[in-house]
Amino acid sequence: MDIAAIKKLEAFNQTEELEAIAQMESCCTAMSWCRGMVEGRPYASIDELVKAADEIWATMQEADILEAFSGHPKIGDVNSLRAKYAHTAGLAGAEQGAVKQAPEDVLQALKSANDQYEAQNGFIFIVCATGKSAEEMLEILRARLINDRDTELKIGAGEQSKITEIRLRKLFEQPSGEQ
């Protein structure tokens, strides 16, 4: 772990509770998860922090999971991206970067499939979009439309865990100004 990351982690360990919760909220919007992360301080390393994040996430109830999902923009919905990423812009802004360059027909197909998914499951489609093209996300979304709600809740929770880890690592390991 580099010196800047160590300093960021040390600062987080000592940050006032409400500010620390706000920092965690930029990684995951489930308040019980955020509080658990803050209550678990101090952390000796980023790996310890990430491990705690996974352990706390594993204890989340459905309401907590859905709260985390509600903090995400809909995949492919550019207006939703702008609105939702205003809160997490520094850490989440590039997650759906490939969607911004997607052809209109792909965006429309994503919107249509998202609408179907949300009507079917009662929550938005969650996928760790980092490194995926809009076409890949559309393919994943279409493939998951056949699943029942419970299966999708579990898959989405797993995807949320991946997203949270990426955001935590960005929060602590990227130099300030690059988030």
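For the single chain, residues carry numbers from 1 onward in sequence order.
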Novice: Counting C-beta onward and ignoring hydrogens, is there a side-chain heavy-atom pair between L168 and M24 closer than 4.5 Å?
Specialist: yes

Novice: Is it the case that over 12 heavy atoms from other parts of the model lie below 6.0 angstrom from the CD atom of E16?
Specialist: yes

Novice: Check whether any side-chain N or O of T29 sits under 3.5 Å from a backbone N or O of E67 as a donor-acceptor pair, and report yes or no.
Specialist: yes

Novice: Donor-acceptor check, side chain of D148 to backbone of D150, threshold 3.5 angstrom: yes or no?
Specialist: yes

Novice: For D2 and K7: C-alpha separation, side-chain torsions, deciding distance, then whether salt bridge (Lys or Arg N to Asp or Glu O under 4.0 Å) applies.
Specialist: CA-CA 9 Å; D2 72 9; K7 288 184 181 205; over 6 Å; no

Novice: Would you call K162-E159 a salt bridge at under 4.0 Å N-O?
Specialist: yes

Novice: Are any side-chain N or O atoms of Q120 and backbone N or O atoms of L145, one a donor and one an acceptor, separated by less than 3.5 Å?
Specialist: yes

Novice: Please assess I21 against M31 for the test side-chain contact (heavy atoms from CB on, under 4.5 Å), listing each intermediate value before the final yes or no.
Specialist: CA-CA 8 Å; I21 287 172; M31 283 296 103; 4.2 Å; yes

Novice: Evaluate whether atom CD of E139 has more than 12 neighbouring non-hydrogen atoms of other residues, nucleotides or ligands under 6.0 angstrom away.
Specialist: no

Novice: How long is the span from the CD atom in E55 to the CE atom in M37, to the nearest 0.5 Å?
Specialist: 10.0 Å

Novice: About how many Å separate NZ of K74 and CD1 of I126, when rounded to the nearest 0.5 Å?
Specialist: 11.0 Å

Novice: Determine the minimum heavy-atom distance between R41 and A20, stating which atoms define it.
Specialist: NH1-CB, 3.4 Å

Novice: Does D64 reach the side chain of W33, with side-chain heavy atoms less than 4.5 Å apart?
Specialist: no

Novice: Consider only side-chain N and O atoms of E10 and Q14, and report whether a donor and an acceptor are under 3.5 Å apart.
Specialist: no

Novice: If we only count heavy atoms from C-beta on, is the V127 to L141 side-chain gap below 4.5 Å?
Specialist: no

Novice: Can you give me the closest heavy-atom contact between D54 and S161, atom names plus distance?
Specialist: OD1-OG, 3.2 Å

Novice: Flag the pair W57 / I65 as yes when at least one side-chain heavy-atom distance between them is below 4.5 Å, and no otherwise.
Specialist: yes

Novice: Taking side chain as C-beta onward, heavy atoms only, is T130 less than 4.5 Å from I163?
Specialist: no

Novice: Hey, quick one: are I155 and F69 part of the same hydrophobic cluster, counting side-chain heavy atoms closer than 4.5 Å, chains of contacts allowed?
Specialist: no

Novice: Should Q160 and H72 count as side-chain neighbours, where that means a heavy-atom distance under 4.5 Å?
Specialist: yes

Novice: Is there a side-chain contact between I166 and R169 in this structure, where contact means two heavy atoms from C-beta onward sitting under 4.5 Å apart?
Specialist: no

Novice: Indicate the atoms forming the closest heavy-atom contact of V106 with A134, along with that distance.
Specialist: CG1-CB, 3.8 Å

Novice: For the CD1 atom of I146 and the CD atom of E152, what is their distance to the nearest 0.5 Å?
Specialist: 9.0 Å

Novice: Which pair of non-hydrogen atoms, one from A113 and one from L138, has the smallest distance, and what is that distance?
Specialist: CB-CD1, 4.3 Å

Novice: Please report the interatomic distance CZ(R167) to OG1(T164), rounded to the nearest 0.5 Å.
Specialist: 7.0 Å

Novice: Within this structure, what is the CD-OG1 distance for the pair Q23 and T15, rounded to the nearest 0.5 Å?
Specialist: 5.0 Å

Novice: Is the ring pair F125/Y117 parallel, tilted or perpendicular, if the boundaries are 30 and 60 degrees?
Specialist: perpendicular

Novice: Out of curiosity, L153 CG to E62 CD, how far, rounded to the nearest 0.5 Å?
Specialist: 5.0 Å

Novice: Search all heavy atoms of R149 against all heavy atoms of L66 and return the closest pair with its distance.
Specialist: NH2-CD1, 3.9 Å

Novice: Answer whether the closest heavy-atom distance between the side chains of L49 and F12 falls below 4.5 Å.
Specialist: yes

Novice: Which heavy atom of C28 sits nearest a heavy atom of C34, and at what distance?
Specialist: O-SG, 3.1 Å

